[in-house]
S.K.: 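One structure follows; several queries about it will come next.
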Amino acid sequence: MRDGSEAEAGAALLFWYDGHARVMPWRVGPAERAAGVRPDPYHVWLSEVMLQQTTVAAVRDYFRRFTARWPSVADLAAAEDGDVMAEWAGLGYYARARNLLKCARAVAAAGGQFPATAEGLRALPGIGPYTAAAVAAIAFDEPAVVVDGNVERVVARLWAIETPMPAAKPELVDKAGRLTPQLRPGDHAQAMMDLGATICTPRNPACALCPVNAFCAAKAQGIAAELPRKSPKPEKPTRFGLAYVAFDAAGGVLLERRPEKGLLGGMLGFPGSDWAETAPAPCPPLAADWTQLSHEVRHTFTHFHLRLRVFVAQAEGEGFTPRQDFSPAALPTVMRKVWDLAQARAQAGAAPPHPRGI
DNA sequence: GAACCGTGGCA
DNA sequence: TTGCCAAGGTT
């Protein structure tokens, strides 16, 4: 990108967006957009929080379920914590769900309207620089500079910025600001993200189809696919743990609510050991005839691999959740894997599979 | 600035 | 099978 070409490139991008914008449940249609209709700030905020570090494909159904169950921010603010955490289960980064509720309650307490500026939005829980700018631009038409991973990639390529991330961030924000128009800033932001998601992709960018390829310095140098440069990531360690699945005579399940802070904070789970890099000591939650399952659960978190040994037992006692009050869908994925393994074992006990040799 | 925090799809 | 990656925020 040469200095002075920003307006021309921005216009080309918006023209492309008008013909190629992706259809999504939280967006308004092309006709409404052309008529100046803005999407519901509640929908924009909810979608942006769900989309943090998460793919559009994964978010779609969650967004539909949330808005069907809680049509307004006031409805969400009035929800039970456990219901929101259960509805978020499987989407990951559970601090987002806890902050989502805090934010909804703060907005409801302040009258039910979201702040209309990036500065005001930024003060709310779970809303950082990106989300504040995105909601301000998309829902309130503020020419905020929206910089997410897509924008970083597109801008790094347009200007052929070879400084590795995250050191390049300030320069990328500066360039993104030069590209942001005063008119239709929300569409511009979404156009940048659609471009990054469909054409200016991390691997094998489709430069031939790019509406701004004529302005792209990286394409001219043949290094588009190499940008933005990133330093190599450290190897993930493996941690080990134990999980205990106890059933009572009525089929009830022993569950615990995890602490608010830390990994899987606020989510349901099975009792068990800490997860450490050394072999854990047995720590059954109650006395019973525990059977160790032959397979283990493997799961990878952001910064470590986990291998869980699973134990099951029939037992009696206090604290069992009645089976009809428990939905496996309310578990975080690693705990759902534990549940699935325990179920497979129960199935096998009821109807042993045919032996298959060895 | 760096560590922490999930998950599923894909090459 | 493994590593990389996706519309980041908090501490």
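In what follows, every chain begins at residue 1, and chains take the letters A, B, ... in the order their sequences are listed. Computed over heavy atoms, backbone and side chain alike; hydrogens, waters and symmetry mates excluded. Because the structure is a prediction, the values reported are computed rather than measured.
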S.K.: Under 4.0 Å, counting only non-hydrogen atoms across every strand here, what does A:Gly90 touch: a base, just sugar-phosphate, or nothing?
M.R.: sugar-phosphate
S.K.: Establish, for the pair A:Arg65 and A:Tyr62, whether the NZ or CZ atom is under 6.0 angstrom from the six-membered ring centre and no further than 45 degrees off its axis.
M.R.: yes
S.K.: Between the main-chain N or O of A:Ala249 and the side-chain N or O of A:Glu316, is there a donor-acceptor pair closer than 3.5 Å?
M.R.: yes
S.K.: If the cut-off is 4.0 Å, is A:Thr131 near the phosphate of C:dG9, judged by side-chain N/O to OP1 or OP2?
M.R.: yes
S.K.: With rounding to whole Å, what would you report as the distance between B:dC5 and C:dT2 at their P atoms?
M.R.: 23 Å
S.K.: What nucleotide among B:dG8, B:dA11, C:dG9 has an atom nearest to a side-chain atom of A:Pro129?
M.R.: C:dG9
S.K.: In whole angstrom, give the distance that lies between atom CD of A:Gln53 and atom P of B:dG9.
M.R.: 17 Å
S.K.: Quantified in whole Å, what is the C1' atom distance between nucleotide B:dG1 and nucleotide C:dA6?
M.R.: 23 Å
S.K.: Provide the closest heavy-atom pair for A:Arg33 versus A:Val28 in the form atom of the first, atom of the second, distance.
M.R.: NH1-O, 3.6 Å
S.K.: Is there a side-chain contact between A:Thr333 and the phosphate of B:dG6, meaning an N or O under 4.0 Å from OP1 or OP2?
M.R.: no
S.K.: If we count only N and O atoms by modelled type, under 3.5 Å, do the side chains of A:Thr117 and A:Glu142 hold a donor and an acceptor together?
M.R.: no
S.K.: Kindly say whether, by distance alone, the side chain of A:Thr54 makes a donor-acceptor pair under 3.5 Å with the base of B:dG6?
M.R.: yes
S.K.: When you check the gap from the basic side-chain N to the acidic O, do A:Asp148 and A:Arg153 get nearer than 4.0 Å?
M.R.: no
S.K.: Think A:Gln52 has a side-chain N or O under 4.0 angstrom from the OP1 or OP2 of C:dG8?
M.R.: no
S.K.: Round to a whole Å and report the spacing from CZ of A:Arg153 to P of C:dC5.
M.R.: 10 Å
S.K.: For the base of B:dG6, is there a side-chain donor-acceptor partner from A:Thr302 under 3.5 Å away?
M.R.: yes
S.K.: Rounded off to whole Å, could you give me the CZ-to-P distance for the A:Arg239 and B:dG6 pair?
M.R.: 12 Å
S.K.: Taking for each residue the nucleotide of DNA chain C with the nearest heavy atom, is it A:Trp26 or A:Lys102 whose nucleotide lies nearer the 5' end?
M.R.: A:Trp26
S.K.: Does a side-chain N or O of A:His299 approach OP1 or OP2 of B:dT7 to a distance below 4.0 Å, or not?
M.R.: yes
S.K.: What's the CG-P distance between A:Leu306 and C:dT2, to the nearest Å?
M.R.: 15 Å
S.K.: So A:Met24, base contact, sugar-phosphate only, or nothing? Heavy-atom distance under 4.0 Å.
M.R.: base
S.K.: Which listed nucleotide (B:dA11, C:dT10, B:dT7) is nearest to the side chain of A:Phe301?
M.R.: B:dT7
S.K.: Could you give the distance separating B:dG6 and C:dT11 at their P atoms, to the nearest angstrom?
M.R.: 14 Å
S.K.: Nearest heavy atom decides the nucleotide; on that basis, is A:Pro332 or A:Ala167 closer to the 5' end of DNA chain B?
M.R.: A:Ala167
S.K.: In terms of the nearest nucleotide of DNA chain B, which residue is placed more toward the 5' end: A:Phe304 or A:Thr55?
M.R.: A:Phe304
S.K.: Measure from the side-chain heavy atoms of A:Arg96 and tell me the nearest of B:dA11, B:dG6, C:dG8.
M.R.: B:dG6
S.K.: Would you classify A:Arg60 as touching base, sugar-phosphate or nothing, given that sugar-phosphate means primed atoms plus P, OP1 and OP2, and contacts are heavy atoms under 4.0 Å?
M.R.: nothing
S.K.: Looking at C:dG3, C:dA6, B:dT7, which one has an atom nearest to any side-chain atom of A:Val334?
M.R.: B:dT7
S.K.: Heavy atoms under 4.0 Å, any strand shown: does A:Val59 hit a base, just sugar-phosphate, or nothing?
M.R.: nothing
S.K.: Which is more 5' along DNA chain C, the nucleotide nearest A:Gly149 or the one nearest A:Lys233? Just name the residue.
M.R.: A:Lys233
S.K.: Could you tell me how far apart A:Glu152 (CD) and C:dC5 (C1') are, to the nearest whole angstrom?
M.R.: 13 Å
S.K.: Any Lys/Arg nitrogen of A:Arg69 or A:Asp83 sitting under 4.0 Å from an Asp/Glu carboxylate oxygen of the other?
M.R.: yes
S.K.: To the nearest angstrom, how far is A:Trp88 atom CH2 from C:dG9 atom P?
M.R.: 12 Å
S.K.: Is any side-chain N of the basic residue among A:Asp61 and A:Arg64 closer than 4.0 Å to the acidic one's carboxylate O?
M.R.: yes
S.K.: Rounded to whole angstrom units, what separation is found between the CH2 atom of A:Trp45 and the C1' atom of C:dG8?
M.R.: 15 Å
S.K.: Please work out if A:Leu91 contacts a base, only the sugar-phosphate, or nothing of the nucleic acid, heavy-atom cut-off 4.0 Å.
M.R.: base
S.K.: Could you please name the option among B:dT7, C:dT10, C:dC5 that lies closest to any side-chain atom of A:Pro202?
M.R.: C:dC5
S.K.: What is the distance, rounded to the nearest whole Å, between atom CG of A:Leu263 and atom C1' of B:dA3?
M.R.: 13 Å
S.K.: Under 4.0 Å: is that the gap between some side-chain N or O of A:Tyr93 and OP1 or OP2 of C:dT10?
M.R.: no
S.K.: Contact class for A:Pro166 (heavy atom, under 4.0 Å): base, sugar-phosphate, or nothing?
M.R.: nothing
